[in-house]
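I have placed the structure first, in the form of structure tokens, so that the comments after it can refer back to it.
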Amino acid sequence: MAGAYPFGQRGNASMTIETARETRGFQTEVKQLLKLMIHSLYSDREIFLRELVSNASDACDKLRFRALAEPALLEGGAELTIDLSFDPVAKTISVADSGIGMDRPEAIEHLGTIAKSGTAEFLARLSGDQAKDAQLIGQFGVGFYSSFIVADRVEVFTRRAGTPPEAGVRWESDGSGEFSVENVVLPERGTRVVLHLKEDATEFADAWRLRSLVKRYSDHIGFPVRMAEQPGAAKAGEPPAAARMEVVNSAQALWTRPRTELKDEEYIGFYQHIAHDSTAPIAWTHNRVEGKREYTTLLYVPARAPFDLWTREAARGLKLYVKRVFILDDADQFLPMYLRFIKGVVDSSDLPLNVSRELLQADAEIEAMRAGIARRVLDLLGRLAKEEGEKYAGVWKEFGQVLKEGIAEDPTNRERIATLLRFATTHDDRETQQHSLEAYTLRMRPGQKHIYYVIADTFNAARQSPHLEQLRAKGIEVLLLSDRVDEWMMSYLGEYQGKAFKDVSRGELELGELTSAEEKAAEAAGNEASLALCGRLREALSGRVEGVRATNRLAESAACLVRGADEYGAQMRKLLEATGQKLPGSRPTLEINAAHPLLARLSALPDGAEFGDFAQLLFEEATLAEGGQLAEPAEFVKRLNRLLLPAG
């Protein structure tokens with residue numbers, strides 16, 4: 001078995017292909033990773049086989065796709081397989097595939113370096129919990145290095161399809177910081193990884209153990225995973241072809257099988273393979289569409305967000321197959337951006353096998369498929385929200401901010417997405433976003449015509465906003481919004497079930513029937529009584545405010561700032577300014593609570609420096625109360641000190 005037969009002989013020095021053996025140092029990030037693999041991750045050691053078989057499957061997929069345009073790459077051997085073998089005496093395990101293979105530069109690049117951004121994020125995510133840390137390996141594209149969890153030396157023999165036998169490559173490392181690479185003669189294309197097991201990992205050089213691991217982790221792989229029929233090592237010098245091989249996995253594309261034949265464990269195993277995620281998905285939907293266009297989808301909702309969810313350049317999308325032939329690994333044309341967290345496959349019966357990314361972007365059929373797939377996902381999320389609230393709470397916690405983007409990006413499905421939104425509200429004053437718009441509307445007061453909300457930079461700032469005081473006093477529920485995307489989202493979300501949304505910090509409060517005739521009369525009288533004070537304050541704050549008026553929003557605070565109904569809020573202004581956009585100047589309106597003792601004192605003061613200081617302080621307190629920043633903090637401190645110290 002593995003280790004008991006020759007993989008190839010060294011190339012002839014007279015050939016034009018470089019054959020010299022060279023030793024190189026690993027990239028710094030790889031060294032960090034290897035140190036971690038060798039010394040820290042012991043609790044989940046068997047994942048090495050999952051990762052190596054997954055890599056072998058990817059290599060076979062890539063060759064099958066390339067061979068559509070270049071049949072000669074198959075070199076007369078069209079069968080794509082993954083072979084496992086072992087040698088308990090030599091203490092080795094071998095994972096071989098007949099896939100695309102690598103040439104010398106590719107072996108150096110792929111096995112000696114990894115993307116710095118992904119590695120840094122991987123290392124940053126480590127928790128110290130070995131089991132959890134081991135689960136991150138495949139997700140971050142560093143699965144090959146898991147070999148060093150069980151091996152103290154790793155050899156890779158590989159030849160890229162379409163290159164001559166003497167272009168074969170042997171790569172070797174003991175994980176100590178260096179690797180060697182040289183050319184060897186390899187008759188067969190593909191890649192073979194040979195693990196020289198550590199003394200405490202020889203348990204894996206066992207037929208039953210390897211078969212059980214394949215069944216557990218790789219049964220869904222679409223290529224046959226084979227092992228010798230009789231367990232044990234082959235005779236010394238006997239090539240593996242002499243042993244009769246049997247397939248030990250199902251080797252059938254899972255999405256092509258009827259749903260009635262599939263168990264949850266199989267769906268979960270397939271998800272873990274395509275998503276490189278060892279946790280189970282929260283939900284999935286498996287559908288076949290027939291009629292004008294025919295395609296099959298298997299779509300998953302992950303349980304946790306990927307590390308690069310907010311990286312726009314990150315790979316995303318579904319695995320695309322055409323008539324079960326792998327085409328693209330990250331076909332993002334089939335999902336809108338706000339559903340970029342969805343994993344799965346789409347297999348079309350109608351698209352041409354030579355379809356390209358450019359054709360996908362310009363194809364009307366793709367647009368129709370995209371719309372259908374988006375509806376499938378939203379329907380799945382809708383069922384979760386309605387029938388399995390606890391599971392949906394997990395989805396919202398991980399992906400809620402991404403789903404909010406859909407309100408702006410997908411007007412066709414805006415109503416569907418609105419039913420999925422979850423909010424923190426004054427109903428319970430908890431930061432957890434758990435209340436739906438439907439639940440809010442059921443709790444609305446008789447005569448209430450608006451869905452009220454407030455936006456702030458943080459939950460506490462929203463919860464403590466002075467704009468809520470009168471609404472709280474009347475028992476009117478308010479949505480508390482504090483995510484960066486919220487103001488942008490609300491600018492597109494005009495209404496829900498006929499109820500218009502109303503920002504309590506912009507324009508008139510518009511309580512309508514929620515204010516009694518007596519309250520309206522008292523409000524009018526207060527406005528009349530405060531007209532003179534409003535005029536004095538407007539003059540003292542000239543250049544800082546658009547106007548000053550009595551308010552019907554406040555119950556405890558002395559004043560608050562209100563923007564125009566059509567103006568950008570503070571959160572949106574910050575977002576736009578951060579992108580370099582220059583916005584026109586905007587001055588808020590200062591609303592005062594004429595019944596507050598501070599306003600009574602102000603009204604009694606004559607015009608002059610003290611009145612001016614109090615007016616400025618009133619404005620600055622209102623700015624701070626809404627989470628704003630003062631233009632001149634030092635002046636604020638001086639002004640406050642003057643008012644705190646007695647004159648003289």
Side-chain angles (χ1 to χ4, degrees), residues 425-427 429 440-455 462-480 495 498-541 545-567 569 587-607 611 614-615 617-619 621-623 625-626:
T425 84
T426 56
H427 179 70
D429 273 342
Y440 178 100
T441 56
L442 292 174
R443 294 193 292 261
M444 288 174 66
R445 294 281 305 278
Q448 182 178 340
K449 297 187 181 337
H450 295 94
I451 298 174
Y452 295 99
Y453 68 92
V454 66
I455 299 175
R463 181 173 61 86
Q464 297 168 0
S465 171
H467 299 92
L468 307 183
E469 291 175 1
Q470 194 61 246
L471 294 166
R472 285 186 183 276
K474 291 179 174 293
I476 300 171
E477 186 175 357
V478 181
L479 306 180
L480 304 175
E495 63 174 37
K499 304 290 185 181
F501 288 90
K502 174 63 184 170
D503 184 345
V504 301
S505 68
R506 290 196 286 181
E508 299 290 341
L509 191 53
E510 300 178 16
L511 292 177
E513 297 177 19
L514 298 173
T515 304
S516 66
E518 293 79 5
E519 289 172 324
K520 290 178 181 178
E523 182 182 321
N527 290 347
E528 184 71 23
S530 62
L531 280 177
L533 179 59
C534 288
R536 295 174 66 197
L537 287 171
R538 183 165 52 249
E539 185 175 345
L541 296 172
V545 298
E546 188 67 29
V548 181
R549 66 189 179 210
T551 186
N552 63 341
R553 301 173 206 265
L554 302 176
E556 300 173 1
S557 299
C560 67
L561 299 179
V562 178
R563 304 277 175 181
D566 298 324
E567 290 185 38
R587 293 181 296 183
T589 295
L590 179 70
E591 290 194 355
I592 60 172
N593 178 4
H596 195 280
L598 181 59
L599 274 301
R601 181 176 177 183
L602 263 175
S603 185
L605 287 175
D607 291 336
F611 181 86
F614 266 112
L617 186 63
L618 191 68
F619 174 84
E621 283 183 346
T623 301
E626 70 171 14

(request) May I ask you to decide if Glu519's main-chain N or O and Ser516's side chain share a donor-acceptor pair within less than 3.5 Å? (result) yes

(request) Mind listing the closest non-hydrogen atom pair of Gly507 and Arg549 along with its distance? (result) O-NH2, 4.0 Å

(message) How close do Ala559 and Leu590 get, counting heavy atoms only, and between which atoms?
(response) CB-CD1, 3.8 Å

(request) With rounding to the nearest 0.5 Å, note down the distance linking CG in Leu480 to NE2 in His427. (result) 12.5 Å

(message) Using every non-hydrogen atom in the two residues, find where Arg538 and Val548 come nearest and quote the distance to one decimal.
(response) NH1-O, 3.5 Å

(request) Kindly check if the number of other-residue, nucleotide or ligand heavy atoms within 6.0 Å of CD (Glu495) is above 12? (result) yes

(request) With rounding to the nearest 0.5 Å, note down the distance linking CD in Glu508 to OG1 in Thr551. (result) 9.0 Å

(request) Taking all non-hydrogen atoms of both residues into account, name the closest pair between Cys560 and Arg553 and its distance. (result) SG-CD, 4.1 Å

(message) Do Glu626 and His467 have side chains that approach each other closer than 4.5 Å (heavy atoms only, starting at C-beta)?
(response) yes

(request) Before accepting this row, confirm whether a basic side-chain N of the pair Glu513/Lys449 lies closer than 4.0 Å to the acidic partner's carboxylate O. (result) yes

(request) Would you check if Glu546 and Glu567 make a side-chain contact, meaning some heavy-atom pair closer than 4.5 Å? (result) no

(request) Please round to the nearest 0.5 Å and tell me the distance separating atom OG1 of Thr623 and atom CG of Leu618. (result) 9.5 Å

(message) Just to verify, what does Tyr452 make a ring pair (Phe, Tyr, Trp, His ring centres under 6.0 Å) with, not counting sequence neighbours?
(response) His450

(request) Find the distance between CD1 (Ile476) and CG (Leu468) and round it off to the nearest 0.5 Å. (result) 11.0 Å

(request) Considering non-hydrogen atoms only, spot the tightest contact between Ser465 and Val454 and give its length. (result) OG-CG2, 3.9 Å

(message) Rounded to the nearest 0.5 Å, what separates atom CZ in Arg536 from atom CG in Leu605?
(response) 7.0 Å

(message) Are the side chains of Arg472 and Thr426 in contact, using a 4.5 Å heavy-atom criterion?
(response) yes

(request) Assess whether atom CG of Asp566 is packed by more than 12 heavy atoms of other residues, nucleotides or ligands within 6.0 Å. (result) no

Show me the donor-acceptor pairs, under 3.5 Å and distance only, between side chains in residues 594-604 and residues at least two apart or in other chains.
{"residue": "His596", "atom": "ND1", "partner": "Leu598", "partner atom": "N", "Å": "3.0"}
{"residue": "His596", "atom": "NE2", "partner": "Glu556", "partner atom": "O", "Å": "3.3"}

(request) May I ask you to check whether Ser557 and Glu469 show a side-chain donor-acceptor distance below 3.5 Å? (result) yes

(request) Check whether any side-chain heavy atom of Leu511 sits under 4.5 Å from a side-chain heavy atom of Lys474, and report yes or no. (result) yes

(message) Give me the atom names and distance for the closest heavy-atom approach of Phe619 to Pro588.
(response) CE1-CG, 4.2 Å

(request) Could you go through the side chain to side chain contact (heavy atoms under 4.5 Å, CB included) check for Ile455 and Ser505 one step at a time? (result) CA-CA 8 Å; Ile455 299 175; Ser505 68; over 6 Å; no

(message) Before you tell me yes or no, could you show the steps for Asn552 and Gln470 under side chain to side chain contact (heavy atoms under 4.5 Å, CB included), namely the whole-Å CA-CA distance, both residues' side-chain angles and the distance that decides it to 0.1 Å?
(response) CA-CA 7 Å; Asn552 63 341; Gln470 194 61 246; 5.6 Å; no

(request) Mind checking the OH-OG1 spacing from Tyr453 to Thr425? Nearest 0.5 Å is all I need. (result) 16.0 Å

